[in-house]
Structure formats: C-alpha cells, structure tokens
Amino acid sequence: MNDIKLALLGSEGAGKSAVLVRFLTKRFIGEYASNTNSLYHKRLSIDGRQLNLEVFDPCSQSEESKCILEEPLDWADGFVVVYTISDRTSFLNAKNILAQIKESRRETCKGEVPICLVGNKQDLCHSRQVSEEEGRSLAQENKCLFQEVSAAENYLEISNLFTKLIRHVMEQLKHRGDRRRYSGSKSMAKLINNVFGKRRKSV
Ligand SMILES: Nc1nc2c(ncn2[C@@H]2O[C@H](COP(=O)(O)OP(=O)(O)OP(=O)(O)O)[C@@H](O)[C@H]2O)c(=O)[nH]1
C-alpha cells in the first residue's frame, strides 16, 4: 500500500476545506470549523493501486498557523495551493506560497515538486479579480497543475485534479530514494497531536 501525503495551503477563507471535502466526500459543506488544524485520511484506488491518502488542512486563523507552514513543507509529498478568483490578495499569497515550496525543496527534490494551483470560487466570476490567464501563467512559471474550480458547484473537476496530482506524486516517489523525511514514528499526525491537540478525521 502506498502512502501519499498532501498539504493544502492558501489564504484564510480561500476554500481549502471546501475543496478538500468536495474531493473526499463529493459534498459541499458551507461552513467549516476553521480554528483547528485537521488531518484527513482516506483509502483510495487509483490506476488499480491501493493508496493511503493523508491530507493536512491547516487552519489559517490560529496563532500557531503563522509558523505551521514549515512543517507541511517538509512533510508533504505534494501540495494543493488554493486562492479565490474574487480575491487578488489570496492570489498574491498563493504566489508567495509557491515560492516558499520551491525554496524549501530546492536542495532535496531533484524533479518537480508535485503541486496543483487551484483558483476556487469560480461561481463568483461576476466579482472576479484574477483572470484565468493569470492563474494559468503562474502555474506554468512554477511547473504546476492548474484548474479553476467551484467547490460549491463542481465535483468532477476537483476530483480529476486531485487524481492527476496523486499520479504525479506516485511518479515522483518512485524516483526518490529518500521516500520519507518523516518516518512512521514522526508522522504529521503525531506532530499535529503533539503541538495542537488531537484532531484527525477519516472520511
Ligand atoms: N461561493 C463559493 N463559496 C465558497 C466556495 N468554496 C468555499 N466557499 C466559502 O468560503 C468560505 C471559506 O471556505 P473554507 O473552506 O472554510 O476556507 P478555508 O480556506 O479552509 O478557510 P480557513 O480554514 O479559514 O483557512 C466558506 O464560507 C465557504 O462556504 C466556492 O467554491 N464558492
């Protein structure tokens, strides 16, 4: 069984939890408790391979989150960076996050870091502040997948995007000798439990 670890990053309220829960459950839930860091678990089968997926969804509101970025950067095999198409600040933040990911992996990751950039809340295109082209260019500059989505309205696009990202992660892991910097005894679950209190979710 392959273990795949993903981290969701992005501005507060960009829709990280909404995008993730849409992928994991096919449902859209309007409001989420956003004052805790969460680690989601799901067993998946992709291309006939059984996978153990763990996804870290940090909250953006806590004091702890101001320093949380470093841990997922080390821990995750791949990243989902979310911004809101109707909020330019969230796009600029996504740009910074992409730069931080690249910087943190410069020495350790020989190939490309599997990342997908997600422009969420496509249903709010009447108040769009970031064009689709800008999103696509940023993704191209950073060699990552890109898709505009609406967690509120769509499942398929989000599902396809996660599937592509997971395939990319599986490819990268095949070529990596140092499969894990965090081994079982120092998993993200433990880190989260130790630092922030136990909060793990299975869906
Ligand atoms: N219209 C619209 N609203 C959305 C969409 N996705 C999320 N929202 C709303 O945006 C708000 C924030 O969504 P969350 O998923 O909690 O965002 P988050 O990035 O996890 O936020 P933090 O946990 O605070 O970091 C909620 O009110 C959601 O209902 C979307 O695709 N369209």
Side-chain angles (χ1 to χ4, degrees), residues 5-42 53-73 75-76 78-98 100-101 115-132 134-136 138-139 144-162 165 188-189 191-192 195-203:
K5 297 175 192 298
L6 302 180
L8 277 156
L9 300 170
S11 294
E12 180 182 334
K16 299 180 291 297
S17 304
V19 166
L20 176 61
V21 170
R22 188 54 117 165
F23 168 62
L24 295 174
T25 70
K26 299 191 181 173
R27 290 181 298 156
F28 174 65
I29 298 164
E31 296 302 326
Y32 304 86
S34 54
N35 55 354
T36 47
N37 296 292
S38 301
L39 187 66
Y40 292 78
H41 294 258
K42 190 170 173 87
L53 180 68
E54 282 191 304
V55 190
F56 179 53
D57 179 10
C59 77
S60 335
Q61 289 180 4
S62 68
E63 279 303 305
E64 293 94 333
S65 69
K66 297 191 173 88
C67 59
I68 189 74
L69 189 57
E70 282 176 22
E71 292 294 1
L73 286 186
W75 170 83
F79 300 89
V80 180
V81 178
V82 183
Y83 68 91
T84 305
I85 66 153
S86 55
D87 176 4
R88 176 155 287 277
T89 306
S90 76
F91 180 68
L92 297 175
N93 192 30
K95 199 171 181 174
N96 282 335
I97 290 169
L98 290 174
Q100 286 183 61
I101 296 172
I115 307 173
C116 73
L117 178 66
V118 177
N120 188 37
K121 307 195 188 180
Q122 197 186 31
D123 54 295
L124 300 182
C125 57
H126 48 275
S127 45
R128 181 187 279 281
Q129 291 183 1
V130 183
S131 72
E132 186 166 7
E134 283 177 283
R136 198 176 306 288
L138 180 61
C144 48
L145 299 165
F146 171 70
Q147 183 78 49
E148 281 196 355
V149 303
S150 166
E153 294 185 346
N154 306 116
Y155 163 70
L156 209 58
E157 285 164 348
I158 292 175
S159 171
N160 288 342
L161 198 57
F162 270 86
L165 180 67
M188 190 57 153
L191 280 169
I192 291 172
V195 182
F196 304 111
K198 194 174 169 86
R199 183 164 176 95
R200 302 178 69 184
K201 297 178 181 173
S202 279
V203 285

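Indexing begins at 1, ligand by ligand and atom by atom, following the structure's order. For the single chain, residues carry numbers from 1 onward in sequence order.
- Neither the backbone nor the side chain of Val149 comes within 4.0 Å of ligand 1, counting heavy atoms alone.
- Between Glu12 and ligand 1, no pair of N/O atoms sits closer than 3.5 Å.
- The backbone N or O of Thr84 lies less than 3.5 Å from a partner atom in the side chain of Ser90, making a donor-acceptor pair.
- Neither the backbone nor the side chain of Val19 comes within contact range of ligand 1; no heavy atom lies under 4.0 Å.
- Val80 places a side-chain heavy atom less than 4.5 Å from the side chain of Val82.
- The aromatic rings of Phe146 and Tyr83 sit parallel, their planes meeting at an angle under 30°, below the 60° perpendicular limit.
- For atom 14 (P) of ligand 1, the candidate residues are Gly119, Ser127, Gly15; the nearest heavy-atom contact is made by Gly15.
- Interface of Leu124 with ligand 1, defined as ligand atoms under 4.0 Å from a residue heavy atom, comprises 1 (N).
- By the 4.0 Å N-to-carboxylate-O rule, Glu157 lies too far from Arg22 to be salt-bridged with it.
- The distance criterion of under 3.5 Å between nitrogen or oxygen atoms is met by Asn120 with respect to ligand 1.
- Looking at Asn154 and Val149, their side chains never come closer than 4.5 Å, going by heavy atoms from C-beta outward.
- Checked by distance only, ligand 1 and Asp57 stay at 3.5 Å or farther apart across all their nitrogen or oxygen atoms.
- Ring geometry for Phe23 against Phe162 counts as parallel: the plane angle stays under 30°, on a 0 to 90° scale with 60° as the upper cut.
- Between Gln122, Glu148, Lys121, it is Lys121 that holds the heavy atom closest to atom 10 (O) of ligand 1.
- Between Ile29 and ligand 1, no N or O atom pair is found at a separation short of 3.5 Å.
- Within the 4.5 Å cutoff, side-chain heavy atoms of Val81 are placed close to those of Ile101.
- Contact check for Glu134 versus Arg88: side-chain heavy atoms found under the 4.5 Å cut-off.
- The closest approach between a heavy atom of Ala14 and any atom of ligand 1 is below 4.0 Å.
- Near Ser150, with a cut-off below 4.0 Å to any heavy atom, the atoms of ligand 1 are 31 (O).
- Listed by number with element, the atoms of ligand 1 under 4.0 angstrom from any heavy atom of Ser11 are 19 (O).
- Below 4.0 Å from some heavy atom of Asp123 lie the following atoms of ligand 1, by number and element: 1 (N), 2 (C), 30 (C), 31 (O), 32 (N).
- Remark: of the listed residues Thr25, Leu6, Val55, Val55 is the sole one forming a side chain to side chain contact (heavy atoms under 4.5 Å, CB included) with Leu20.
- Among the atoms of Phe28, none of the N or O lies under 3.5 angstrom from an N or O of ligand 1.
- Applying the 4.0 Å criterion to heavy atoms of Ala18 picks out, from ligand 1, the atoms 6 (N), 7 (C), 15 (O).
- Panel note: side chain Asp57, backbone Tyr40; no donor-acceptor pair is recorded below 3.5 Å.
- In terms of polar-atom proximity, Pro58 is not counted as a contact of ligand 1, lacking any N or O under 3.5 Å from an N or O of the ligand.
- A donor-acceptor pair is defined here as one N or O able to donate and one able to accept, closer than 3.5 Å; such a pair exists between the side chain of Lys42 and the backbone of Leu24.
- Near Lys16, meaning under 4.0 Å from any of its heavy atoms, are these atoms of ligand 1: 15 (O), 17 (O), 18 (P), 19 (O), 20 (O), 21 (O), 22 (P), 25 (O).
- Close contacts between ligand 1 and Ala151 involve ligand atoms 6 (N), 31 (O) [criterion: under 4.0 Å to a heavy atom].
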